[in-house]
Amino acid sequence: MDISEYSYVVVGSGLLGAVIAERIANQLDQPVLVIEKRDHIGGNCYSATDPTTGIEYHKYGTHIFHTSNEKVWNYVRRFITFNTYQHRVLSCYKNRLYPFPINLATINQFYNRNLKPYEVEDFMASLRQSQLGQRADGGRRDAQPAAGPPTAGAPTNFEEQAMSLLGRDLYEAFFKYYTIKQWQVDPRHLPPAIFNRLPFRTNYDDNYFFDRWQGIPEKGYTHLFERLLANRKIKVLLDTDFFEIRHLLKKDACLVYSGAIDRFFDYKHGKLSWRTLRFEQEIIDKADYQGNSVINFPEAEIPYTRIHEPRHLHPEKEYTGNKTIIFREYSLADQGDNPYYPIASEDNQRLLSLYRKEAAQLKNVFISGRLGDYKYYDMHQTIDRALEIFETCILPQTSTIHVV
Ligand SMILES: Cc1cc2nc3c(=O)[nH]c(=O)nc-3n(C[C@H](O)[C@H](O)[C@H](O)COP(=O)(O)OP(=O)(O)OC[C@H]3O[C@@H](n4cnc5c(N)ncnc54)[C@H](O)[C@@H]3O)c2cc1C
């Protein structure tokens, strides 16, 4: 089939695009053209096997599938099986490892105590009381003046929010410089809501996620995408930028676009800004380098934020070699070619609302996904969004439903 003949065109083979293409092919029994500018399918969830160590790794950063959404969980397990991996993170502070997010083990280890769960609240309250009035920056000479005392009224920024819960010591050890490294922004200029996303537990539960289900695809994420895109009615064009072949496509085709929304409109209102990540890969001559899949490095003096060791993502696999692969993660401003995290600023929100207004005028064009919505989505949220677009926007337009 010539590309000009497709009535369904999907831009991007990440989760959003792949799920929608799968639905169109399997449920509507219609041909779909998937256009992908990278040389592989899977978007940022892409995984591959490292040729030197034989270890499965995630090229764009460690991805843990987790969800409490039963519809999404049932959907995704129609294509693959997950292993039993449970995400547990450690944080390395002053050369000692602490369980993270902060839980009772972290607090007891940090303060050399043996508190019981019911003693934590009073202990934290007494810490906050004793630290009241102390400077959040500990008097560092490079620090700017504090935005306000942490206890004065409701917290108005990330730092106040964190200190009102954890006190100064835990905040500075595990959050302050980590946040500065990750966002290159003073935490006093970040909204309090960002801190609220991180759990704080007064028991020994060190599972990173609260969700009902989690795991890693046993055969890797790329296998999930191969299965999603397996229908012969789906044609995937790799190494192809949509904007270079747009003029060749059918004019009234239903278009699902999961690229950047500002690019779609040729940046006419200006560019949205992003943070990106750089991964420094190293093969180590040891079977196991750090004993855990992810370790955080929250101190200012260490330039990277995390070290990933993907061998630990697959406890069910027997990696017999005596080499391992690690990735040091650095956070930096995106120069426009590798967007990862949207930045919550007023300027970006203003631009986004202009682009959204334009998008709402378009007929038969659906712009979404993390780049299209300019929103951080976990994988289960992306799948949910894709199913919603299919069911509420694409399905009602057609009467030819093929039951699977
Ligand atoms: C560092 C990091 C870690 C993460 N970890 C987790 C995790 O542990 N758990 C979790 O649930 N989620 C995690 N996520 C989120 C997860 O990556 C996203 O939910 C998911 O990738 C979103 O899929 P998408 O299809 O919207 O976007 P993408 O995966 O980015 O796919 C978009 C695709 O569109 C293509 N494209 C863009 N423009 C064009 C164009 N003009 N022409 C052709 N193709 C184009 C891109 O090349 C890309 O392949 C993480 C995200 C990041 C950044």
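As the structure lists them, so they are numbered: ligands from 1, and atoms in each ligand from 1.
For the residue pair S91 / Y178, no side-chain donor-acceptor distance below 3.5 Å is found, with atom types taken as modelled. No hydrogens or angles considered: a donor-acceptor pair under 3.5 Å links the side chains of R275 and S331. With hydrogens and angles left out, the side-chain atoms of E160 and T156 include a donor and acceptor closer than 3.5 Å.
Annotation: H380 places no N or O atom under 3.5 Å from an N or O atom of ligand 1; distance criterion only. Ligand 1 has no N or O atom lying under 3.5 Å from any N or O atom of G61, backbone or side chain. No N or O atom of Y341 sits closer than 3.5 Å to an N or O atom of ligand 1. Geometrically, ligand 1 and Y340 share no nitrogen or oxygen pair separated by less than 3.5 Å. Not one N or O of V11 is nearer than 3.5 Å to an N or O of ligand 1, by distance alone. Between Y60 and ligand 1, no pair of N/O atoms sits closer than 3.5 Å.
Close approach of ligand 1 to F243 is summarised as follows: ligand atoms under 4.0 Å from at least one heavy atom of the residue are 41 (N). Contact atoms of ligand 1 toward R38: 47 (O), 49 (O) (distance under 4.0 Å to a heavy atom of the residue). Within ligand 1, the atoms closer than 4.0 Å to a non-hydrogen atom of G369 are 26 (O), numbered from 1 in the order shown. Under a 4.0 Å criterion applied to the non-hydrogen atoms of T62, ligand 1 contributes the atoms 3 (C), 5 (N), 8 (O). Within the listing of ligand 1, atoms 42 (N), 43 (C) sit less than 4.0 angstrom from a heavy atom of T240. Ligand 1 places these atoms under 4.0 Å from at least one heavy atom of L277: 1 (C). Close contacts between ligand 1 and D241 involve ligand atoms 40 (C), 41 (N), 42 (N) [criterion: under 4.0 Å to a heavy atom]. For ligand 1, the atoms lying closer than 4.0 Å to a non-hydrogen atom of G12 are 33 (C), 34 (O), 35 (C).
Side-chain contact check for D384 versus Y377: every heavy-atom pair is 4.5 Å or farther apart. Under the 4.5 Å side-chain criterion, counting only non-hydrogen atoms from C-beta, F209 is not in contact with D378.
In this structure, K271 is positioned above the aromatic face of Y267, its NZ or CZ under 6.0 Å from the six-membered ring centre and within 45° of the axis. Geometrically, R128 does not engage Y171 in a cation-pi contact, judged by NZ or CZ lying under 6.0 Å from the ring centre and within 45° of the ring axis. Geometrically, R370 does not engage Y60 in a cation-pi contact, judged by NZ or CZ lying under 6.0 Å from the ring centre and within 45° of the ring axis. Cation-pi geometry between R328 and F297 is not satisfied (NZ or CZ under 6.0 Å from the ring centre, within 45° of the ring normal). With F243 as the aromatic partner, R263 meets the cation-pi criteria of under 6.0 angstrom to the ring centre and within 45 degrees of the ring axis.
Residue contact annotation: Y376 has a non-hydrogen atom under 4.0 Å from ligand 1. For the ligand labelled ligand 1, residue D373 lies outside the 4.0 Å heavy-atom shell. The closest approach between Y46 and ligand 1 stays at or above 4.0 Å for every heavy atom of the residue. Contact analysis leaves F65 out of contact with ligand 1, as no non-hydrogen atom separation drops below 4.0 angstrom.
Partners of L237 according to the side chain to side chain contact (heavy atoms under 4.5 Å, CB included) rule, which considers only residues two or more places apart in sequence or in another chain, are I3, L33, K235, T240, I245. Applying the side chain to side chain donor-acceptor pair (under 3.5 Å) rule to E56 yields the partners S47, T49; only residues at least two apart in sequence or on another chain are considered.
For atom 17 (O) of ligand 1, the closest heavy atom belonging to the protein is H63 NE2, 2.7 Å.
The residue from I35, I64, V19, I20 that puts a heavy atom closest to atom 8 (O) of ligand 1 is I64. Proximity annotation for atom 20 (C) of ligand 1: of T382, D211, I216, T382 comes nearest, heavy atoms only.
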